[in-house]
2 protein chains.
Amino acid sequence: MVAPKKPGPPGLSGASELFQLLRDGRPRTRAELADTTGLARSTIGLRLDALLELGLIRPIGEGASSGGRPPSQFALDPAARVVVGADLGATHATIAVADLSGAILLTHREALAIADGPERVLTWVVDETRSLLVEAGRSSADLLAVGVGLPGPVEHDTGRPVNPPIMPGWDGFDVPGWIFDALGVPALVDNDVNIMAIGEQSRSFPEVSDLLFVKVATGIGSGIISGGLLQRGAQGSAGDIGHVRIERGKGVACDCGNFGCLEAMASGPAIARQLRAEGADVETMSDVIELVRRNDLRAIRAVRQAGRDIGEVLTTCVSLVNPSVIVLGGSVTRAGEHLLAGVREVVYQSSTPLATEHLSIVQSRTAENAAVIGACILALQYALSPQAIERMSAR
Amino acid sequence: MVAPKKPGPPGLSGASELFQLLRDGRPRTRAELADTTGLARSTIGLRLDALLELGLIRPIGEGASSGGRPPSQFALDPAARVVVGADLGATHATIAVADLSGAILLTHREALAIADGPERVLTWVVDETRSLLVEAGRSSADLLAVGVGLPGPVEHDTGRPVNPPIMPGWDGFDVPGWIFDALGVPALVDNDVNIMAIGEQSRSFPEVSDLLFVKVATGIGSGIISGGLLQRGAQGSAGDIGHVRIERGKGVACDCGNFGCLEAMASGPAIARQLRAEGADVETMSDVIELVRRNDLRAIRAVRQAGRDIGEVLTTCVSLVNPSVIVLGGSVTRAGEHLLAGVREVVYQSSTPLATEHLSIVQSRTAENAAVIGACILALQYALSPQAIERMSAR
């Protein structure tokens, strides 16, 4: 086959490649860009025009404001556009607006039951997005994407929840489709633990490429970052350690229908249940935390044992994925150092020396903001990806 | 800062980018390449010349052999260059030459003790590389890189073994440096299980992006491919499941100094030891396999129990990394379906339904060639990477 002699003028379809270069924020001249990419000057010009028109980059330097002459340098404009991230928990929701560098501009948090179903909850997300944009002095045209974290398993490619146990009405619901219809932007959806891992890593451990984020709350789950990337696994269930069986759990029934699961022994409700069985006056994990703060020995012992149980499972995780940092987050970690102490005790005792020599086990630094930061980063990762820029510039 | 007006002519430094496009083997015209990349025609010309000079691509089509006119199309030439892969086991070594598509051209296997130390073993690798090249009718200039698999932990970035238990004299030895001095090409070094995972995936499961390869032999280890990439972890020890403790192992001493490790219960030597303790006349795992083949019930039971023990650890691995395929390889799998049956029994019983719904657990299809194929692929992944092509064309 002989190709046509003249394949037509190069489209704008390569603008994304140029943009990936400019994402780091360092200003560059046309000449530098041509030199680095090997692109023809005319192509550089077309692509810069496309990115300027999309409002993703800005002219910088001497020529920028002089009128007639073209500006000499270009860089990412962090303030040019925004993304929104929403962390939807079982009973509370947090939503934030971030700029293109990932800096949070505004946050809003309120009580909201995920069990109210997708329409009500997502209507809240859409309404709050609109009012946050107004509050931030931005127009809806400035919004590039929305990131959403849900308290249950999500098929990441389609953004649909998959048999989520505590989310009646959400199974298979087209979250991205619903948000697109309302806001006209793509939505990226993932489970809460994955976005917490992304948030914690990007904010507190940007230099760490192998990190395990473990959430201990009503349930127990983890998000795995390996080789710098979040790992979702074949069905998106990677990190799902809540239903691994532990020794102490023998015979204890779990809500999942199985016996001896980690979650049935070391989650917030499980700790409270065990303390109640010992005669303590506790209803919820908050009561347990209150007892721990008053130095109640029985409560401290229960929390530390939960840490040991979690450590038992994490020992295998450490051997398998060899992280350099394990971060503990979620409401149960508000009980202070006791949970962490139990985890450390078992992991450092039982894992191989090679795997623990440089391993840190720490409390979450972003704490309750990990998820909403992660939701914003998830939206940004997509919104600034070559594919997304490609699509924007093709419009 | 104002950049210099004229940044000099574009070098050959972008040839690698063009090559990544041509790696798939599909012939393309200059016009197609210019259109796809947006590169100036003159740049395309310079870079094609560089790749032709490196012998990585070949002209194809009408104009190719007509003398005066430049050829109309270009594509990767799989036969242009070769790589060598060496799988160095405890007592045997296999070495192979592969072309740029990864097809094995020649293989050679012989008895070789890794405990002879790095100089003797690597001298064998170098000598065999030279004679295989001659046998394949290739010159040493055709060799692009060497991949090496070792039976112990390796710091992948430097290619140096790290405290390898069965490799006296190898600790910290500069394997790539030694090979470079002898053969003048880069060497990529990894542990045997990682290269087996790479070999098995590339040959038998090219469409699978989440695969766990478990080797059961003198030791037990695994190689993890997540999101299509081999995961090495922070210290390169990812997949190291041999020293995870299992329930049945309580009180049993392991060679590592700890108690109850999987390897102390389910490896080849451990199975043979347990059968000896029951009065069976077995020395090594080969004797056990012989008994299994003669339908000895005691031996079958021991192998199946080892499978269950491995399954106990894999259950957590399945929850954590959510693979779609688990491949069992290594000498113990020669005992037939019994090991596999034990693994399946426990994994399908104890893992969460979501993680096992689409999970296959199978025997290695590449069997004893997995490692040497993987060593070749490891060498190729490097030799054809943008960085390596960049370096070649800069010379």
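Residue numbers begin at 1 in each chain, while the letters A, B, ... track the order of the sequences.
From A/Ile241, atom CD1 reaches atom OG1 of B/Thr352 across 12.0 Å, with rounding to the nearest 0.5 Å. Considering OG of A/Ser350 and NE2 of B/His243, their distance stands at 14.0 Å, rounded to 0.5 Å. Going from atom OG1 of A/Thr316 over to atom CG of B/Leu314 covers 10.5 Å, rounded to the nearest 0.5 Å.
Looking only at heavy-atom pairs under 4.5 Å with chain B, the residue among A/Glu312, A/His358, A/Arg232 that has the most is A/His358.
Looking at A/Pro27, there are no atoms closer than 4.5 Å to chain B (heavy atoms on both sides), in backbone or side chain. B/Cys256 does not touch chain A: none of its heavy atoms, backbone or side chain, sits under 4.5 Å away. Heavy atoms closer than 4.5 Å to chain A are found in the side chain of B/Pro153, but not in its backbone. Only the side chain of A/Ile224 comes within less than 4.5 Å of a heavy atom in chain B; its backbone stays farther off. Looking at B/Ser324, the atoms closer than 4.5 Å to chain A (heavy atoms on both sides) sit in the backbone and in the side chain alike. Of the two parts of B/Asp210, only the side chain, counted from C-beta on, holds a non-hydrogen atom closer than 4.5 Å to a non-hydrogen atom of chain A. With a 4.5 angstrom heavy-atom cutoff, A/Arg28 does not touch chain B via any of its atoms. Proximity to chain A (any heavy atom under 4.5 Å) is shown, for B/Gln235, by both the backbone and the side chain. Heavy-atom distances place the side chain of A/Ser222, and not its backbone, under 4.5 Å from chain B.
Nearest heavy atoms, A/Gln231 versus B/Gly227: OE1-N, 3.8 Å.
Heavy atoms of other residues, nucleotides or ligands lying less than 6.0 angstrom from CG of A/Asp171 number more than 12. More than 12 heavy atoms of other residues, nucleotides or ligands lie within 6.0 Å of CG in B/Asn258, so this atom counts as buried by the packing criterion.
Using modelled atom types, one finds no donor on one side chain facing an acceptor on the other under 3.5 Å when comparing A/Asp240 with B/Ser319.
Here the side chains of B/Leu320 and A/Val321 are in contact, with some heavy-atom distance below 4.5 Å.
A/Glu247 has a carboxylate O that lies under 4.0 Å from a charged side-chain N of B/Lys250, or vice versa, which qualifies the two as a salt bridge.
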